[in-house]
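Within every chain, numbering begins at 1; the chains are lettered A, B, ... in the order of the sequence lines, protein sequences first and strands thereafter.
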2 protein chains.
Amino acid sequence: MHSNMKSGPTIQDIAAAAGVSKSTVSLVLQESPLIKAETAEKVREAARALGYVYNRGAANLRGKRSTTIGMVINDLTNPFFVELLVAIERVLAQAGYTTLMAHTAESLETQTRVLRSMREQNVAGLIMSPALGTTDELPAEIQSWGIPLVLVMRPMGPDVDTIGVDNSYGFALATEHLVGQGHTRIAFAGNRKGYAVANQRRQGYLSTMAKHSLPVNDDWIIDVPLTPEGGRDAVRAIFDMKPRPTAVVCYNDQVAIGVLHELDRMGKRAGKALAVVGCDNIIAAEHTNPPLTTLFAGADKLGTIASETLLARLSETSEDEKPPVQYFAVPELVVRESSVGAKASHVNAAA
Amino acid sequence: MHSNMKSGPTIQDIAAAAGVSKSTVSLVLQESPLIKAETAEKVREAARALGYVYNRGAANLRGKRSTTIGMVINDLTNPFFVELLVAIERVLAQAGYTTLMAHTAESLETQTRVLRSMREQNVAGLIMSPALGTTDELPAEIQSWGIPLVLVMRPMGPDVDTIGVDNSYGFALATEHLVGQGHTRIAFAGNRKGYAVANQRRQGYLSTMAKHSLPVNDDWIIDVPLTPEGGRDAVRAIFDMKPRPTAVVCYNDQVAIGVLHELDRMGKRAGKALAVVGCDNIIAAEHTNPPLTTLFAGADKLGTIASETLLARLSETSEDEKPPVQYFAVPELVVRESSVGAKASHVNAAA
DNA sequence: CTGAAAGCGCTTACAG
DNA sequence: CTGAAAGCGCTTACAG
């Protein structure tokens with residue numbers, strides 16, 4: 001096997017070349033202040049000359065620690081999670097950790113397999129965006145393994161570190177914006193019954209409608225897949241209703257993109273024929289036609305906070321253990337053309 | 001430290017519980033046929049009872065092999081590379097390998113750091129889409145480490161396994177399509193001088209123009225960043241030209257999306273005001289307004305082939321070593337509205 | 001400031 | 001079919 005061919009110099013070889021013990025070499029590699037500068041330099045020189053490569057696996061085994069962190073992501077076809085992943089990988093790399101990545105594609109089976117694999121790889125910690133349908137017991141099980149866990153985007157109770165978004169607030173904000181544009185019949189596209197995040201988003205929408213005493217027809221809450229195809233189906237449903245909603249709040253930007261596209265296909269324009277709001281502010285939202293109004297929570301910031309939360313857990317001792325972090329970012333609404341009809345924007349300008 | 005707390009049962013503990021030696025336990029875990037079924041069952045039972053977790057790192061250290069593979073990606077903000085990553089991760093996981101992921105964001109410095117880290121992690125192999133500006137010496141250097149390397153999308157010579165796309169053919173196809181629509185003044189957006197892939201793509205475009213005896217103005221070859229912003233700049237440049245090009249071939253879908261968006265902002269429509277072709281057929285290309293004509297090479301297939309190429313290297317002995325794989329997928333053109341004006345499509349229908 | 005010794009959790013010849 | 005022994009490449013008390 002190709003992989004059996006590799007076996008470069010070890011600290012033993014460096015020790016021999018530099019005329020010291022391997023303990024000394026090890027300490028030099030760890031930049032220990034115990035070693036005399038002169039000796040250290042001699043060792044480093046020998047390491048360089050031999051083309052030495054540190055074996056982190058051996059170090060981890062002996063040192064009973066680990067410098068890899070597992071990252072389990074549910075949906076990489078959604079650019080929001082990619083942004084999150086990139087931010088997390090960046091912060092962890094800066095802190096000297098390596099990221100073991102796994103993609104579950106929302107499959108519980110894959111998620112189970114992947115978690116077992118990460119445990120066998122002895123990850124120091126886990127950051128996870130759980131697949132839809134993950135049972136509430138999972139976080140406790142992972143914690144029972146002795147592996148710190150940070151949940152991102154999808155909360156699963158108060159006992160586990162969680163970094164997410166105040167979805168209820170966000171969707172209230174989005175709905176409020178549409179009401180402010182004069183809309184009274186507003187639909188919600190991408191309802192998924194039983195999923196915590198969908199419940200929060202629907203809740204934000206419903207509470208705002210109620211606040212303004214606006215009735216909500218049952219069929220305005222449209223249960224479609226959380227994809228562009230779902231958005232397409234939602235538009236078709238909306239244009240079959242009479243009287244039909246004049247605005248729609250979408251579960252996320254993926255759904256909203258499908259809505260914009262189906263409207264275009266029908267020869268209509270978002271903002272005029274139907275006001276559209278998305279959620280996530282993925283990079284593409286700025287370049288859709290028309291540009292998409294959407295909720296911004298900062299994937300980069302969320303990823304950074306998630307990483308830092310995990311890093312803090314990794315360096316805490318059992319005495320100073322902090323209570324679970326429950327951080328929910330407050331989203332902002334980025335208003336673009338998709339939610340503002342020509343007339344409405346005129347009204348705005350006058351105000 | 002939190003990470004010091006973990007130390008579950010080892011094969012030693014299982015051996016004690018099952019009343020056998022740890023050699024036997026090890027063999028059972030490897031499903032060796034040498035061990036009597038009865039003994040094996042007793043061992044497995046003990047492992048289960050103790051909640052044993054296999055320590056892959058220790059096994060790799062002792063066995064002088066490795067079950068992790070490094071994946072170095074240049075640009076995860078481009079959904080094409082995400083598709084590639086997902087496919088690769090899936091195939092490797094099926095084969096029992098774990099994927100160590102790193103994102104360079106086209107930074108040579110990050111790439112260097114990341115490769116060193118992967119080497120220290122003792123990866124069995126590397127799949128890499130090199131950052132722009134990577135020097136030609138890098139593949140040979142990595143190979144000198146004894147780590148099999150498969151390059152994806154960005155070729156760097158014949159001596160290293162490479163999975164990519166026949167860009168020259170693809171861009172000839174795209175240009176041919178536009179000529180077939182009656183265009184004679186065709187621009188190329190996203191030229192990046194000195195980059196191999198850009199050279200190939202430009203070459204495909206130029207050769208097709210030449211084949212049809214169509215002159216190419218220097219300023220039609222527009223050097224812009226390979227992003228939506230680059231696409232925006234290209235449109236502005238095109239509409240400043242007189243006579244202006246009536247069609248544009250874009251370096252990739254990211255650039256094309258910027259072109260579609262800037263046209264929309266100007267109140268024009270791609271396909272009518274300017275025919276637009278992209279490259280990559282990212283999932284979003286189907287849902288742009290208007291839908292984007294683009295080159296399809298199959299990120300999923302390319303990722304699968306790249307993984308399989310690497311797996312083949314890992315299981316080959318030094319005697320049966322195969323010559324470098326140089327696989328270049330032949331792209332197809334997916335024709336959508338962005339390149340077909342109302343009139344032109346009428347012509348098509350008549351044909 | 002440096003070295004000798006033990007050991008992390010496994011695998012792999014080698015005996016029997 | 002199973003066990004005893006050596007060892008992968010490191011780190012970490014412990015001596016001196």
Original post:
Do the side-chain N or O atoms of A:T10 get closer than 4.0 angstrom to the phosphate oxygens (OP1, OP2) of D:dG9?
Top reply: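 For D:dG9, neither OP1 nor OP2 has a side-chain N or O of A:T10 closer than 4.0 Å.
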**OP:** Using only side-chain N and O atoms of A:S21, determine if any of them is under 4.0 Å from OP1 or OP2 of C:dT2.
**Re:**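 For A:S21, the contact criterion (side-chain N or O under 4.0 Å from OP1 or OP2 of C:dT2) is not met.
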Original post:
Taking protein heavy atoms under 4.0 Å as touching, what does nucleotides 11-16 of chain D look like 5' to 3' if B marks base contact, S marks sugar-phosphate-only contact and - marks none?
Top reply: BB----
**OP:** Using a cut-off of strictly less than 4.0 Å between a heavy atom of the residue and any atom of DNA chain D, enumerate the qualifying residues of residues 113-120 of chain B by number.
**Re:**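 Heavy-atom contacts with DNA chain D come from no residue of residues 113-120 of chain B; none.
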Original post:
To the nearest 0.5 Å, how far apart are CE in A:M128 and OG1 in A:T104?
Top reply: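 It is 8.5 Å, given to the nearest 0.5 Å.
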Subject >> Intra- and interstrand pairs of DNA chain D - dot-bracket, Watson-Crick/G-U under 3.5 Å, | marks other strand >> reply: |||.||||||||.|||
Original post:
Which residue pairs satisfy the side-chain hydrogen bond (donor to acceptor under 3.5 Å, both in side chains) criterion with at least one member in residues 20-29 of chain A, sequence neighbours excluded?
Top reply: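 Output for this query lists A:S21-A:T24, A:S26-A:Q30.
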**OP:** Would you mind listing every side-chain hydrogen bond (donor to acceptor under 3.5 Å, both in side chains) that reaches into residues 53-62 of chain A, with sequence neighbours excluded?
**Re:**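 Pairs touching residues 53-62 of chain A that pass the test: A:R56-B:E120.
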Subject >> Under the side-chain hydrogen bond (donor to acceptor under 3.5 Å, both in side chains) test, residues paired with B:T134 that sit two or more places apart >> reply: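 Partners of B:T134 under the side-chain hydrogen bond (donor to acceptor under 3.5 Å, both in side chains) test: B:Q111.
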Original post:
Residues in side-chain hydrogen bond (donor to acceptor under 3.5 Å, both in side chains) with A:T110, at least two apart?
Top reply: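 Expected list: A:S107.
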**OP:** Output every pair passing salt bridge (Lys or Arg N to Asp or Glu O under 4.0 Å) with a member in residues 27-39 of chain A, not counting sequence neighbours, ordered by first then second residue.
**Re:**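 As it turns out, there is no salt bridge (Lys or Arg N to Asp or Glu O under 4.0 Å) pair with a partner in residues 27-39 of chain A once direct neighbours are skipped.
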Subject >> salt bridge (Lys or Arg N to Asp or Glu O under 4.0 Å) contacts touching residues 87-112 of chain B (sequence neighbours left out) >> reply: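 Qualifying pairs: B:R90-B:D300, B:E106-B:R154.
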Original post:
B:R44: what forms a salt bridge (Lys or Arg N to Asp or Glu O under 4.0 Å) with it, not counting sequence neighbours?
Top reply: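 With neighbours one apart ignored, the set is B:E41.
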Original post:
Considering residues at least two apart in sequence or located in another chain, which fulfil the side chain to side chain contact (heavy atoms under 4.5 Å, CB included) criterion with A:Y327?
Top reply: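 Side chain to side chain contact (heavy atoms under 4.5 Å, CB included) list for A:Y327, sorted by chain: A:I163, A:K301, A:L302, A:I305, A:V325, A:A329.
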Original post:
Counting only non-hydrogen atoms, which of residues 42-52 of chain B are less than 4.0 Å from DNA chain C?
Top reply: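 Here the set is B:Y52.
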